[in-house]
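In the text below, chain A, chain B and the rest are named by the order of the sequence lines, each starting its count at 1. Bear in mind that the values here come from a model prediction, so they are computed numbers and not experimental data.
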Amino acid sequence: MQEETEPASSRPNDERYDPQRVETKWFTRWQADAQLYAADRDSTKKKYYVLEMLPYPSGALHMGHVRNYAIGDALARYMWMNDYNVLHPMGWDSFGLPAENAAIQNNTPPRQWTLSNIAKMKAQMKRLGFAYDWSREVTTCLPDYYRWNQWFFLKFYEKGLAYRKKSRVNWCPKCATVLANEQVLANGCCWRHEDTLVEQRELEQWFLRITKYSDELLCDLDKLDGWPEKVRTMQRNWIGRSEGTLIDFKLDYAENHGGFGPAGSTITVFTTRVDTIFGATSVQLAPQHPLIADLAASNPDLATKVDELIVEQRKAKEVGDIGEIEKHGVFTGRYAINPFNKEKVPIWVANYILMDYGTGAIMSVPAHDERDYEFAKKYKLEIRLVILPLADDPEETMAEPQLPYVGHDGMLINSGPYGGLACADAIKKMSAFAEQNGFGKATVTYRLKDWGISRQRYWGTPIPMLYCEKDGIVPVPEKDLPVILPEAVDIAHATGSPLGSVPEFVNATCPKCGGPARRETDTMDTFVDSSWYFYRYTDPHNDRAPFDSRIAQYWFPIDQYIGGVEHAILHLIYSRFWTKFMRDLGLITNGEPVERLFTQGMVIKDGAKMSKSLGNVVSPDEMVARYGADAARLYSLFAAPPDRDLDWQDSGIEGIRKFLGRIYRVVTEQNEASVVPSELPVDNRRGPAARTLQRKLHQTIKRISDDFNGRWHFNTSISALMELNNLLSGMSQDIAAGNIPPEDLTETKRVMVLLLAPFAPYLAHELWEMLGEKENLLKASWPKYDAALAKEEELEIPVQINGKLRSRVTVPAESTQEFVLDRALADEKVQAFIAGKQIVKKIYVPGKLVNIVVK
RNA sequence: GCCGGGAUGGCGGAACUGGCAGACGCAGCGGACUCAAAAUCCGCCGACCUUCGGGUCUUGGGGGUUCGACUCCCCCUCCCGGCACCA
């Protein structure tokens with residue numbers, strides 16, 4: 001009596017889902033249509049700019065890329081289907097060191113290596129079906145892009161925001177060139193000469209004055225509520241704003257006869273706790289402090305000790321535990337005068353003082369600073385209590401603290417006229433006093449430093465500057481841009497900047513005097529390229545300006561930016577800086593580039609980040625070949641919520657591949673009713689099965705739409721789609737029996753395909769066509785859900801007794817509290833549990849549960 | 001040390017505002033189809049106890065609030081990320 005459903009194996013092969021066949025077919029079609037994903041230049045639709053961070057063209061995509069782009073692509077497709085004018089571009093962050101390394105290793109010119117990598121990766125992206133507007137492709141290593149880096153540099157220079165300064169860099173004596181920080185091994189040696197210690201050298205470098213925007217970069221973080229709090233916190237830490245006071249300690253001439261001469265007569269210290277200054281018992285200098293060179297010149301013993309301190313400090317920094325370093329110091333033999341109490345305090349040099357923070361000098365207050373305390377104990381310096389904390393015990397107002405006491409809830413003692421003041425009050429009054437008397441002032445210090453953009457490398461944007469003997473530093477005139485990066489440069493044997501060995505490049509004419517001039521041979525940090533590339537996408541072929549302001553204004557800010565959290569600081573802070581600068585230039589009006597930021601998690605395998613050395617790398621090409629692009633993409637969305645790390649499992653993608661096969665089968669099955677449905681109108685013909693299907697359909701639309709508009713938990717979107725598919729595939733008998741109206745069946749399949757489209761575009765397009773749809777799926781409208789249809793008619797209400805689940809009752813959805821409670825109490829199992837007991841409380845949470853409390 | 005994030009079956013994960021813990025998937029087990037296998041389909045699938053009705057326990061650990069806690073509060077452990085003698 002039971003009809004056996006036809007086994008799948010008897011189905012002709014070509015009816016089964018074959019990802020290679022489907023994907024090749026659509027890949028070919030999409031290739032032929034250059035306009036497919038083009039953003040409109042003029043559109044009455046609302047704009048939506050969705051962007052994924054552009055990759056470095058290393059030669060092959062990895063799974064992290066696939067995940068990143070799968071998220072962005074799903075969003076772009078969803079927005080298209082919601083009738084937005086979508087901008088979804090892609091490009092290449094294609095300057096940088098690996099191209100030079102490859103050039104040295106394989107003897108391939110960096111340009112050739114880079115462009116061939118781009119070709120490979122672009123082919124991969126296309127095969128994966130990502131919907132990019134390739135007519136807007138930006139390649140940062142090409143002159144039509146980097147000339148605008150140079151143009152911006154000239155603007156920075158014009159505004160006084162690009163300047164030259166001596167700065168310390170890593171120098172390998174064997175390579176005879178400068179190394180990036182990443183090229184210095186953990187033990188402080190060169191990556192190519194593992195037994196050679198890297199030195200620090202002073203070099204003239206170009207800087208961009210990002211610190212001009214420190215405050216704005218910090219304050220505007222508060223407005224970025226579409227950014228993860230984590231990233232905002234990281235940027236706040238990075239900027240590191242700190243309010244404090246600068247205080248000048250005069251050198252004691254009586255003691256310092258001669259020493260400390262030309263370098264100055266005062267030491268300026270920065271402190272956040274000027275209220276503790278009466279407890280200062282020494283002044284501590286960073287070992288690199290300029291005053292020391294002066295002293296050390298006449299004191300070789302001191303010079304040696306200071307050098308040791310420098311080495312200790314640098315080693316600790318390289319190992320990354322500067323916080324753990326054993327504190328060492330040396331007394332200079334000299335003294336300074338505390339301007340508040342005119343006391344003479346010894347001047348020391350210590351390895352825990354950093355030259356690049358504050359002024360490189362501190363006043364040491366052992367009683368109220370942990371580091372100073374530790375140092376003072378070690379070298380037997382005086383520890384003088386000047387703050388008494390408020391006592392816990394209200395009987396006594398002040399407590400004898402355990403040293404060091406670093407709290408702010410106290411009162412000053414032993415502090416002359418300031419005795420009795422509260423800390424906060426004292427800080428204000430003492431800062432004001434210092435300012436009135438010309439030996440200090442309240443100030444704000446930042447951890448953020450100006451951005452050193454000079455790189456002694458070949459594969460980067462040439463800095464458009466000239467050095468003329470007569471006119472000094474002269475910018476290249478705008479009309480002479482771009483300064484083209486020459487090819488055929490021997491980078492393997494270069495000493496210093498490779499461009500320095502190219503006479504045709506170096507030798508130029510001074511635009512001012514017409515005499516000979518030398519070109520700048522350093523190139524720009526590649527973070528310059530990525531600081532503004534997303535503006536170029538809006539007007540990528542402009543040869544008169546980096547972009548047209550009006551066009552950029554239409555698209556900006558970026559509605560959604562998606563990328564790895566590893567760029568939370570550098571790239572995202574430089575980009576914000578660049579945007580503020582462009583606004584001040586009048587190019588744009590927005591002060592921030594990115595409205596909403598999403599940072600996706602890493603792709604890991606076997607509990608570790610994928611890496612060649614661990615041998616746990618999963619190749620996207622292999623996944624596409626074995627399971628298809630749709631499966632690879634769908635799995636990267638299904639395996640974990642996008643913001644969390646994703647643990648790659650090969651068996652998992654296999655499961656997704658099976659799901660795609662099931663949805664293919666369910667949608668394409670020609671399941672006609674064997675019983676002819678009656679002629680009644682549809683609404684009256686819908687029995688319980690039809691209603692169940694309809695309800696599930698609308699619930700699924702709601703769930704997936706909510707995920708797009710909210711948390712982006714696409715893993716649950718996809719499970720919702722699986723549930724719907726499971727329900728429909730389990731209804732074959734109802735369908736055969738004519739219990740599902742044919743129009744419902746068609747509608748369900750249609751909607752399922754629409755819901756699948758953002759995640760698995762190849763299969764969705766194929767099924768869409770198979771359903772007889774003529775219009776491009778991208779232009780189809782995202783389905784709307786009907787809350788009334790999604791609503792359950794009957795509810796199964798769990799019944800708890802004293803919080804423990806004991807039974808369930810089924811009630812109509814609109815039941816009153818009274819009705820539900822009566823039903824629950826009448827239930828047999830419930831009766832058994834409450835028999836002989838007293839009902840204390842009856843709780844009904846509408847639509848959710850009943851809890852009966854008994855004694 | 002400071003600031004984030006996290007810990008749920010054998011595994012990846014779900015549970016949106018305090019209301020049925022374990023959706024969906026993987027792996028596993030049983031069955032159907034097959035000469036057989038693969039593929040596919042159907043069923044079972046947290047642990048322990050069970051008289052097979054069910055019962056007890058269970059969301060890193062300990063306490064608390066509540067009729068009710070994965071969810072809120074306090075304390076603790078471990079893992080991941082960032083910052084770190086920042087004066």
Run the side-chain donor-acceptor check on residues 280-289 of chain A: report pairs under 3.5 Å with partners two or more places apart or on a different chain.
residue, atom, partner, partner atom, Å
Thr281(A), OG1, Glu382(A), O, 2.8
Ser282(A), OG, Gln284(A), NE2, 3.0
Gln288(A), NE2, Gln313(A), OE1, 3.0
His289(A), ND1, Leu291(A), N, 3.2

Could you tabulate the donor-acceptor pairs under 3.5 Å formed by side-chain atoms of residues 839-855 of chain A, not counting sequence neighbours?
residue, atom, partner, partner atom, Å
Tyr844(A), OH, Gly847(A), N, 3.0
Asn851(A), OD1, Gly803(A), N, 3.0

Nucleotide N/O of nucleotides 25-29 of chain B paired with protein N/O under 3.5 Å:
residue, atom, partner, partner atom, Å
rG25(B), OP1, Asn726(A), ND2, 3.0
rC26(B), O2', Ser651(A), OG, 2.7

- When you check the phosphate oxygens OP1 and OP2 of rA15(B), does a side-chain N or O of Arg711(A) lie under 4.0 Å from one of them? yes
- Task: Report yes if the side chains of Asn338(A) and Met363(A) come closer than 4.5 Å at any heavy-atom pair, otherwise no.
- Result: no
- rC29(B) to rG19(B) separation - P atoms, rounded to the nearest Å: 38 Å
- Task: Test side chain to side chain donor-acceptor pair (under 3.5 Å) on Thr271(A) and Thr245(A) and set out the steps.
- Result: CA-CA 5 Å; Thr271(A) 178; Thr245(A) 314; over 6 Å; no
- Could you state the atom-to-atom distance from CD of Gln600(A) to C1' of rG5(B) in whole Å? 16 Å
- Answer with yes or no after comparing the ring centroid distance for Trp348(A) and Tyr379(A) against a 6.0 Å cut-off, counting only values under it. yes
- Might you confirm whether atom NZ of Lys428(A) has over 12 heavy atoms from other residues, nucleotides or ligands at distances under 6.0 Å? no
- Message: Work out how far the P atom of rA47(B) is from that of rA39(B), and round it to whole angstrom.
- Response: 26 Å
- Query: When we call it a touch if two heavy atoms are under 4.0 Å apart, what does Pro641(A) touch: a base, just sugar-phosphate, or nothing?
  - Reply: sugar-phosphate
- Task: Can you figure out which of rG13(B), rC83(B), rA87(B) approaches the side chain of Ser242(A) most closely?
- Result: rA87(B)
- Task: Please state the P separation for the pair rG81(B) and rA69(B) - nearest whole angstrom.
- Result: 35 Å
- Would you indicate, yes or no, if rA14(B) has its OP1 or OP2 atom less than 4.0 angstrom from a side-chain nitrogen or oxygen of Asn715(A)? yes
- Message: Heavy atoms from C-beta onward define the side chain here; which of rG13(B), rA84(B), rG12(B) lies closest to that of Arg447(A)?
- Response: rA84(B)
- Integer angstrom distance from the P of rA36(B) to that of rA14(B): 42 Å
- Query: If the C1' atom of rC33(B) is compared with that of rG43(B), how far apart are they to the nearest Å?
  - Reply: 15 Å
- Note on the structure: Between CZ of Arg665(A) and C1' of rC41(B) the distance, given in whole Å, is 7 Å
- Message: At 4.0 Å (heavy atoms only), tell me whether Gln800(A) reaches a base, stays on the sugar-phosphate, or touches nothing.
- Response: base
- Only counting residues at least two apart or in another chain, list the ones meeting side chain to side chain contact (heavy atoms under 4.5 Å, CB included) with Glu796(A). Arg808(A), Thr810(A)
- Is Arg241(A) salt-bridged to Asp215(A), going by a charged N under 4.0 Å from an acidic O? yes
- Message: For Arg644(A) and Gln600(A), which I'm curious about, is there any donor-acceptor pair between the side chains at under 3.5 Å?
- Response: no
- Query: Are any non-hydrogen side-chain atoms of Lys696(A) and Glu723(A) less than 4.5 angstrom apart?
  - Reply: yes
- Message: Looking at Glu229(A) and Arg236(A), is any side-chain nitrogen of the basic one under 4.0 Å from a carboxylate oxygen of the acidic one?
- Response: yes
- Under a 4.5 Å cut-off applied to non-hydrogen side-chain atoms, are Met53(A) and Ile562(A) in contact? no
- Query: If you measure from the P atom in rC72(B) to the same atom in rG5(B), how many Å do you get, rounded?
  - Reply: 12 Å
- Message: Which is it for rG9(B), anti or syn, if anything within 90° of zero counts as syn?
- Response: syn
- Closer than 4.0 Å, any side-chain N/O of Arg644(A) to the OP1 or OP2 of rC80(B)? no
- Message: I'd like to know whether the aromatic ring centres of Phe714(A) and Phe759(A) sit less than 6.0 Å apart in this structure.
- Response: yes
- Apply side chain to side chain contact (heavy atoms under 4.5 Å, CB included) to the pair Val269(A) and Ile267(A), showing each step before the final yes or no. CA-CA 6 Å; Val269(A) 304; Ile267(A) 297 170; 4.2 Å; yes
- Note: contacts of residues 568-576 of chain A with RNA chain B (heavy atom, under 4.0 Å) are none
- Note on the structure: Applying the Watson-Crick and G-U criteria (both distances under 3.5 angstrom) with [ ] for crossing and | for other-strand pairs, one obtains for RNA chain B (((((((..(((......[....))).(((((.......))))).((((....))))..(((((..]....))))))))))))....
- Those residues at least two apart in sequence (or on a different chain) that pass ring-ring contact (aromatic ring centres under 6.0 Å, His included) with Tyr627(A) are none
- Message: On the side chain of Arg236(A), is there an atom forming a donor-acceptor pair with the base of rC3(B) - under 3.5 Å, no angle test?
- Response: no
- Message: Need to verify one output field. Residue with the more 5' nearest nucleotide on RNA chain B, Ser729(A) or His713(A)?
- Response: His713(A)
- Enumerate the residue pairs fulfilling side-chain hydrogen bond (donor to acceptor under 3.5 Å, both in side chains) with a member in residues 361-370 of chain A, sequence neighbours excluded, ordered by first and then second residue. Asp369(A)-Arg371(A)
- Interface with RNA chain B, restricted to residues 848-855 of chain A and to heavy atoms under 4.0 Å: Lys848(A), Leu849(A), Asn851(A), Val853(A)
- Query: So, Gln699(A) and Glu792(A): side-chain donor and acceptor under 3.5 Å apart, yes or no?
  - Reply: yes
- Query: Going by a 90° cut-off around 0, is rG6(B) syn or anti?
  - Reply: anti
- Query: Under the 6.0 Å and 45° cation-pi test, does Lys327(A) pair with Phe375(A)?
  - Reply: no
- Looking only at side-chain atoms of Thr716(A), point me to the closest of rA15(B), rA7(B), rG82(B). rA15(B)
- Query: Is the closest side-chain heavy-atom distance between Tyr664(A) and Arg16(A) below 4.5 Å?
  - Reply: no
- Note on the structure: Separation of rC85(B) atom P from Ile362(A) atom CD1, nearest Å, is 13 Å
- Examine rC67(B): is either OP1 or OP2 under 4.0 Å from a nitrogen or oxygen in the side chain of Lys841(A)? Give yes or no. yes
- Query: Which is true for Asp645(A) with a 4.0 Å heavy-atom rule: it touches a base, it touches only sugar-phosphate, or it touches nothing?
  - Reply: sugar-phosphate
- Not counting sequence neighbours, which residues clear side-chain hydrogen bond (donor to acceptor under 3.5 Å, both in side chains) with Lys305(A)? List them please. none
- Task: Kindly indicate whether the side chain of Trp712(A), heavy atoms from C-beta on, has any atom under 4.5 Å from the side chain of Ser717(A).
- Result: no
- Taking the same atom, C1', in rC44(B) and in rA37(B), what whole-Å distance lies between them? 24 Å
Scan nucleotides 50-52 of chain B against the protein and return all N/O pairs shorter than 3.5 Å with their distances rounded to 0.1 Å.
none

Listed pairs, N/O of protein and of nucleotides 53-56 of chain B, under 3.5 Å:
residue, atom, partner, partner atom, Å
rG55(B), OP1, Arg806(A), NH1, 3.3
rU56(B), OP1, Arg806(A), NH2, 3.4
rU56(B), OP2, Arg806(A), NH1, 3.2

